[in-house]
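The analysis underlying the following values was restricted to heavy atoms, covering all of them including side chains, and did not include hydrogens, waters or symmetry mates.
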There are 2 protein chains.
Amino acid sequence: MSQERSRHGGRNGQSVAASSTTSEERVIAAVNDEEPRWLSTMEQRAWRAHLTAHKLLEHRLDRDLQTFGLSVNDYEILVNLSESAEHRMRMSDLADATIQSRSRLSHQISRMEAAGLVARETCVDDRRGTFAVLTEHGWATIQQVAPHHVASVRQHFIDLLTDDQLRELEAAYSPVVTHLKSLR
Amino acid sequence: MSQERSRHGGRNGQSVAASSTTSEERVIAAVNDEEPRWLSTMEQRAWRAHLTAHKLLEHRLDRDLQTFGLSVNDYEILVNLSESAEHRMRMSDLADATIQSRSRLSHQISRMEAAGLVARETCVDDRRGTFAVLTEHGWATIQQVAPHHVASVRQHFIDLLTDDQLRELEAAYSPVVTHLKSLR
DNA sequence: CCGGAATAGTTGAATCTTCATCCATGTTGA
DNA sequence: TCAACATGGATGAAGATTCAACTATTCCGG
């Protein structure tokens with residue numbers, strides 16, 4: 001397990017070397033010094049509700065998409081491409097849009113390429129670059145699947161909330177997204 | 001890719017056999033017949049905010065835990081065990097509590113066992129059963145790591161929301177969780 | 001009490017993700 | 001102009017997750 005590849009393996013968070021401290025070590029020290037601010041009951045409920053809902057939802061949507069031989073990740077890539085000009089995106093933009101590493105996307109696109117859903121095209125302007133492009137089959141697939149996927153999202157999520165709740169949700173997550181994107 | 005292992009591979013959602021239809025096929029037919037109810041702008045914003053926030057959050061928390069050689073999944077298992085009587089849980093209860101398949105949990109526990117965080121004990125009452133038990137090292141680990149993890153959750157999520165928003169969040173997700181659990 | 005079905009959990013192979021590294025191209029500044 | 005460096009992306013191995021068996025035990029109807 002991940003224990004083995006700990007970047008701090010064997011030194012347990014305490015600096016052994018001279019007096020130099022990294023910012024990470026200062027953060028750890030700060031937490032070690034203070035009484036932990038545990039979550040209140042309400043905070044815990046909200047946090048666990050988020051986690052639980054997400055896991056169940058992701059699982060259900062994956063199941064529903066499986067009927068069409070797609071994963072949620074496949075679907076999101078197809079959507080992004082289908083919404084882009086000329087049904088194409090640069091690999092790194094697509095990686096950013098779908099929030100995954102370039103490496104992961106590269107493997108992912110290779111698989112989708114093998115399945116005939118997308119194709120790669122090298123970029124003429126910047127010859128390092130690659131475009132992922134929707135194929136005919138990819139375009140047909142997303143058009144066929146999208147209504148079903150939207151129906152799933154409604155059935156298992158959207159339609160269970162009021163408009164106010166949806167607005168609240170977006171308002172609540174917005175700053176979280178902004179904050180986390182600033183850290184990348 | 002998953003395209004290959006489609007459970008409906010090659011027949012594209014249309015029944016070929018006589019007149020029998022599965023419930024799944026009826027659902028597909030229902031969507032095919034109706035005009036899709038696409039998401040409104042607001043609905044899409046809420047849905048995408050949820051997805052984006054979750055991905056970024058999960059990634060950040062994983063990074064923060066990596067400092068201690070743990071994944072979020074490791075952490076959740078340790079928490080569950082540490083909150084249980086005698087620091088032990090039956091495998092299937094633990095799988096349910098952490099919302100993962102028995103198979104996945106079994107592999108997961110094997111890895112954590114190799115890392116010395118937990119141990120397996122066979123259940124005496126029901127000799128098919130197995131307990132996952134926290135080891136001394138597992139207990140020490142969760143005690144050391146928990147304050148840091150809570151600090152991360154606060155910093156990247158809880159402390160960015162108001163109390164009202166947290167309450168709203170829980171209220172919004174509650175029915176989703178209930179609904180999805182009823183489907184499993 | 002027996003035989004079949006259900007339950008608890010494990011296993012190995014296949015798939016997917018992460019990590020580290022690498023190659024090719026582009027950018028910068030001396 | 002050219003040597004460093006940065007960027008875009010690909011790759012292979014290692015780690016994690018899923019899928020489809022499979023074993024061992026328990027439960028249940030007759």
Side-chain angles (χ1 to χ4, degrees), chain A residues 1-7 9 55 58-63 65-66 69-77 88-115 118-133, chain B residues 1-7 9 55 58-60 62-63 65-66 69-77 88-115 118-133 184:
Chain A
M1 70 156 275
S2 35
Q3 188 75 2
E4 263 70 48
R5 57 178 158 74
S6 166
R7 292 179 298 166
K55 279 193 205 173
E58 190 90 350
H59 185 254
R60 170 51 43 198
L61 295 178
D62 249 326
R63 283 297 181 203
L65 277 172
Q66 214 172 29
L70 297 179
S71 68
V72 168
N73 202 11
D74 295 334
Y75 183 86
E76 285 183 358
I77 286 169
R88 76 185 49 222
M89 279 180 87
R90 285 289 294 272
M91 290 295 279
S92 24
D93 294 337
L94 188 50
D96 289 348
T98 55
I99 314 184
Q100 53 191 330
S101 70
R102 285 133 202 274
S103 169
R104 177 177 170 185
L105 179 66
S106 187
H107 286 295
Q108 173 77 28
I109 291 293
S110 296
R111 275 176 260 133
M112 295 180 75
E113 207 175 6
V118 302
R120 276 189 239 246
E121 276 179 34
T122 60
C123 176
V124 195
D125 305 348
D126 184 342
R127 306 195 46 78
R128 291 169 301 181
T130 307
F131 284 105
V133 193
Chain B
M1 68 154 287
S2 35
Q3 189 76 2
E4 264 70 48
R5 56 176 160 74
S6 166
R7 291 179 299 167
K55 280 194 206 176
E58 189 90 351
H59 185 255
R60 171 49 45 197
D62 249 325
R63 283 298 181 205
L65 278 173
Q66 214 171 31
L70 297 180
S71 67
V72 168
N73 202 11
D74 296 332
Y75 182 85
E76 286 183 359
I77 285 169
R88 74 184 51 221
M89 280 179 86
R90 284 289 292 271
M91 291 295 279
S92 25
D93 294 337
L94 187 51
D96 289 348
T98 55
I99 314 185
Q100 54 192 328
S101 70
R102 284 133 202 269
S103 169
R104 176 176 171 185
L105 179 66
S106 187
H107 287 296
Q108 174 78 29
I109 292 293
S110 296
R111 275 174 259 131
M112 294 180 74
E113 206 175 8
V118 301
R120 275 190 241 246
E121 277 180 32
T122 59
C123 177
V124 194
D125 304 346
D126 182 344
R127 305 196 47 77
R128 292 168 301 182
T130 307
F131 283 105
V133 192
R184 310 202 84 209

Can you tell me if B:S110 uses its side chain to pair, donor with acceptor, with the backbone of B:S106 under 3.5 Å?
-> yes
For C:dT17, does either OP1 or OP2 sit under 4.0 Å from a side-chain N or O belonging to A:R111?
-> yes
Euclidean distance, atom CE of residue A:M112 to atom C1' of C:dT15 [Å, nearest integer] | 15 Å
Specify the separation, in whole Å, of atom CG of A:L94 and atom C1' of D:dG8.
-> 14 Å
Integer-rounded Å distance: C:dG9 C1' and B:D93 CG = 13 Å
For the side chain of A:Q66, counting heavy atoms from C-beta on, which of D:dG8, C:dC19, D:dC19 is nearest?
-> D:dC19
A:R104 CZ to D:dA16 P: how many Å, rounded?
-> 15 Å
Is the shortest side-chain N/O distance from A:Q108 to OP1 or OP2 of C:dT17 below 4.0 Å?
-> yes
Classify the side chain of A:H107 and the base of C:dT15 as holding, or not holding, a donor-acceptor pair under 3.5 Å.
-> no
May I ask you to verify if any side-chain N or O of B:S103 is less than 4.0 angstrom from the OP1 or OP2 atom of D:dC19?
-> no
Could you check which residues of residues 118-128 of chain B get a heavy atom under 4.0 Å from DNA chain D? Sort them by number, please.
-> B:D125, B:D126, B:R127, B:R128
From B:R88 CZ over to B:L94 CG, what is the distance, rounded to the nearest 0.5 angstrom?
-> 13.0 Å
Salt bridge A:E58-B:K55, side-chain N to carboxylate O under 4.0 Å = no
Drop me the distance from B:E121's CD to B:T130's OG1, to the nearest 0.5 angstrom.
-> 10.5 Å
Between A:L70 (CG) and C:dT15 (P), how many Å, whole number?
-> 16 Å
Quick one: do the A:R104 and A:Q100 side chains pair a donor with an acceptor below 3.5 Å?
-> yes
B:R90 atom CZ is separated from D:dT25 atom P, nearest whole Å, by 14 Å
Judged by atom type as modelled, is there a donor-acceptor pair below 3.5 Å linking the side chain of B:D62 to the main-chain atoms of B:S71?
-> no
Checking side chain to side chain contact (heavy atoms under 4.5 Å, CB included) for the pair A:F131/A:R120: CA distance, chi angles, key distance, verdict?
-> CA-CA 6 Å; A:F131 284 105; A:R120 276 189 239 246; over 6 Å; no
To the side chain of A:S106, which of C:dC19, D:dT18, D:dT11 is closest?
-> D:dT11
Can you check whether A:R102 has a side-chain N or O nearer than 4.0 Å to OP1 or OP2 of D:dT7?
-> no
Please state whether the phosphate of C:dT18, meaning OP1 or OP2, lies under 4.0 angstrom from any side-chain nitrogen or oxygen of A:Q100.
-> no
DNA chain D: A:L105 or A:H59, which has the more 5' nearest nucleotide?
-> A:L105
Do any pairs count as a salt bridge (charged side-chain N to carboxylate O under 4.0 Å, His left out) and have a residue in residues 122-131 of chain B, sequence neighbours left out, and if so which ones?
-> B:D126-B:R128
Is any side-chain N or O of A:R63 closer than 4.0 Å to OP1 or OP2 of D:dC19?
-> yes
Rounded to whole Å, the CZ-P distance (A:F131 to D:dG9) equals 9 Å
Please give, in whole Å, the distance from C:dC16 C1' to A:D62 CG?
-> 12 Å
